[in-house]
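Remarks on the structure that follows.
Both counts, for ligands and for their atoms, begin at 1 and track the order of listing. This one's a predicted model, so the numbers in the text were calculated from it and none came from an experiment.
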Amino acid sequence: MKQTIVVATNNAHKLEEIRAIAGTAYNILGLADIGCTVDIPETSDTLAGNAIQKATYVKEHFGYDCVADDTGLMVDALGGEPGVYSARYAGPGHDSAANMALLLERMAGKTDRRAHFSTIIALTEGDGVRLFEGRVDGTITSAPRGTDGFGYDPVFMPDEAAPLTFAEMNAADKNAISHRGRATRALMEYLSNASDR
Ligand code: ITT
């Protein structure tokens, strides 16, 4: 029988990626599927803190064990910005075009363009939470390129696929090397070992 996993996200792209990475052995449900329509608070100043906050909110209010992913783009020349504030870098809301425009403006003239994406996934388990991590290193381009993916994908060129940006790669190729792909595969490995125990 398929194992059901509830993912605490309102981001349809994220859910689609997690479904593709998890494969057909898992039934992945999003917040809409469990009747949760609120914007779950993310008030921590760390990715782990926000992932834990989202996962435990669903467990406490809806009773499901749950996973939540929090992701940030850390840019070396900007002291790690936008980091945990990636979703609202250009102000409240989730406008990726505005976030990327501000990032490129702040990177104008910078020769050090190193950056990485980090994903932390929190899994509720009994009274506690278990964390899984994934990271991909790369550089920030001078202009957006490509139309696939979401968020900052058009301005991030992963080392392992250069000169392509994430937005110039198909979903399977992105998932094979991405922060979310790595963190989700670590989660799946844990879950499949746990179900063998
Ligand atoms: P949820 O909190 O509902 O899961 P969100 O879009 O707010 O959705 P995050 O806080 O994890 O998700 O994401 C922070 C920002 O980073 C947001 O602007 C995303 O668009 C961006 N982002 C996340 N994953 C990304 C990826 O794989 N590629 C490019 N940008 C990404």
Side-chain angles (χ1 to χ4, degrees), residues 5-21 28-34 36-58 66-75 80-104 115-122 131-141 144-158 160-161 164-185:
I5 302 176
V6 176
V7 182
T9 185
N10 285 309
N11 182 324
H13 296 282
K14 213 185 239 192
L15 202 55
E16 200 178 302
E17 285 190 359
I18 293 171
R19 278 203 179 104
I21 299 160
I28 307 285
L29 301 181
L31 289 178
D33 300 312
I34 61 163
C36 174
T37 52
V38 293
D39 199 10
I40 300 175
E42 291 178 55
T43 54
S44 172
D45 58 4
T46 65
L47 295 179
N50 283 331
I52 292 168
Q53 203 175 1
K54 288 189 270 187
T56 50
Y57 182 97
V58 170
C66 164
V67 302
D69 144 337
D70 202 42
T71 295
L73 174 64
M74 286 70 178
V75 180
E81 279 186 13
V84 72
Y85 304 108
S86 293
R88 46 189 189 279
Y89 195 40
H94 287 64
D95 185 337
S96 296
N99 286 339
M100 279 191 291
L102 180 62
L103 176 64
L104 292 180
H116 66 272
F117 273 111
S118 274
T119 290
I120 304 281
I121 292 179
L131 298 178
F132 303 86
E133 294 186 53
R135 167 177 173 145
V136 60
D137 288 272
T139 50
I140 301 299
T141 57
R145 292 202 313 262
T147 52
D148 282 341
F150 68 100
Y152 295 88
D153 281 346
V155 296
F156 184 81
M157 187 165 65
E160 290 147 278
L164 300 179
T165 66
F166 266 154
E168 293 175 309
M169 298 168 68
N170 66 41
D173 290 346
K174 177 186 172 186
N175 292 341
I177 60 168
S178 77
H179 44 299
R180 182 165 300 99
R182 289 178 168 137
T184 306
R185 284 189 292 275

Exercise. With a 4.0 Å cut-off, would you call D69 and R180 a salt bridge?
Worked result: yes
Exercise. Is it true that E133 and R182 have a side-chain N and a carboxylate O under 4.0 angstrom from each other?
Worked result: no
Exercise. Closer than 4.0 angstrom: is that true for some heavy atom of Y152 and an atom of ligand 1?
Worked result: yes
Exercise. How does F150 reach ligand 1, by side chain, by backbone, by both or by neither, if only non-hydrogen atoms under 4.0 Å count?
Worked result: both
Exercise. Which is closest to atom 6 (O) of ligand 1 by heavy-atom distance: I120, I18, N11, N99?
Worked result: N11
Problem set entry | Contact check, H13 vs ligand 1, heavy-atom distance below 4.0 Å | no
Exercise. For ligand 1, which atoms have a heavy atom of D70 less than 4.0 angstrom away?
Worked result: 9 (P), 10 (O), 11 (O)
Problem set entry | Identity of the nearest option to atom 24 (N) of ligand 1, non-hydrogen atoms only, from K174, R180, K14, E42 | R180
Exercise. Roughly how far, to the nearest 0.5 Å, is CG of N175 from CZ of R19?
Worked result: 13.5 Å
For this session: Give a yes or no answer on whether the side chain of D173 reaches the backbone of M169 with a donor-acceptor pair at less than 3.5 Å.
Result: no
Exercise. Going by distance only, is there an N or O of S96 that falls short of 3.5 Å from an N or O of ligand 1?
Worked result: no
Problem set entry | 4.0 Å heavy-atom contact, F117 with ligand 1 | yes
Seminar exercise, completed: What one should report as the nearest heavy-atom pair of E160 and I177 is OE2-CG2, 3.8 Å
Problem set entry | Distance, nearest 0.5 Å, that separates CZ of R135 from OG1 of T119 | 12.0 Å
